[in-house]
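Just below is one structure, and these are the notes that go with it.
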Amino acid sequence: MAASQGTGPSTSSGLSAEEPITLTASGGARAVVLPQGAQVVSWTPADGEERLFLSQHPSGGPGGLRGGVPVIFPQFGGFGSLPFHGFARGLLWDLVAAASHPDDGRPHGPGDGEAMAEFALRDSEATRAVWPHAFRATLTVHAGGPRLRVALGVTNTGAQPFSFTAALHTYIRVADLAQTTLEGLAGLRYFDHQNGDVMRMESEPRVGFNGPVDRIYYGVPGAIVAHEPGRQLRIEAAGFPDAVVWTPWTGAVKNLESDGYRHFVCVEAAAVQTPITLAPGGRWRGEQTLIA
Ligand code: TA6
């Protein structure tokens, strides 16, 4: 069954191009994805609690919606000459496929009954003007049971190699950031962008928050677990070697309500330290899975 969608213009697949896509899995998990930026903006696992933060502040234009899972490609942050965090989050992606599985009362095995959507972005005159490469990127979202899986794929469709950095800039919703800790980072080297762009070593078994944090942890070997009083979220990644942890710890950020920062921490699956290089015809894929 097709995922529910609005009545906007159609893509070549016949699916709506601009309306939010709502994915419903058997068991009740639900995710909402916008073709603008292929940005997941809501995820409710089968237990019924929203797990992604989305600012209620009026959006400041394309790519300005703060929250959910912005797609960062082909440049992370200011590490290069492109606009900050690249251009993918500001562009309209094509909806390629979508499927929902509203509850039918049957038992489902792992993966069975998941809802999914796939979006694609190709190079255009506008992208080639700032980044002279031919590519096809896909963003695939699977929601089912306690899991949300978001995968970014990139193919070099041109005749020259290219390199890029990328991230899934996930805004994890928390009740109170001051009572939230992250486990799984101890012993890792990180780039401390908040405090003078220096390298440090993480010594804390659980990283807590009482001020701004902007770090790139290199070579994350396993899952990161976000602990809150009474609940946890497990964050797994594959293909993305690094993890970015960010909180502005202030409301003075564009498109964020004044106390909004208290209700999220960004834990981003990222490829930043070593850019990914693709030869002509080469493919790369990275994914992040959230497990409630
Ligand atoms: O991923 C962390 C970061 O690069 C921070 O430095 C911070 O600026 C954040 O992203 C948000 O960027 P944005 O362009 O969405 O305001």
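Each ligand, and each atom within it, is numbered from 1 in the order the structure gives. FYI, side chains are in, hydrogens and waters are out, and symmetry mates aren't considered; it's all heavy atoms of this structure.
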Rounded to the nearest 0.5 Å, what's the gap from [atom1] on [X] to [atom2] on [Y]? Could you check?
X	Y	atom1	atom2	value
Asp123	Phe162	CG	CZ	8.5 Å
Glu287	Arg149	CD	CZ	5.5 Å
Leu54	Trp43	CG	CH2	15.5 Å

May I ask you to list the atoms of ligand 1 that are less than 4.0 angstrom from any heavy atom of [X]?
X	answer
Asp214	2 (C), 5 (C), 6 (O)
Phe76	1 (O), 4 (O)
Glu268	1 (O), 2 (C)

### Query
Is His193 close to ligand 1, meaning an N/O of one under 3.5 Å from an N/O of the other?
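N/O-N/O distance under 3.5 Å: no.
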### Query
So is there a nitrogen or oxygen of Tyr171 less than 3.5 Å from a nitrogen or oxygen in ligand 1?
no
### Query
What part of Arg89 sits under 4.0 Å from ligand 1 if we count only heavy atoms: the side chain, the backbone, both or neither?
side chain
### Phe240 and Trp284 aromatic centres sub-6.0 Å
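For Phe240 and Trp284, the ring centres are under 6.0 Å apart.
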#### Entry: is_close_aromatic(Trp131, Phe164), centroid dist under 6.0 Å
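Not close enough - the centres of the two rings lie 6.0 Å or further apart.
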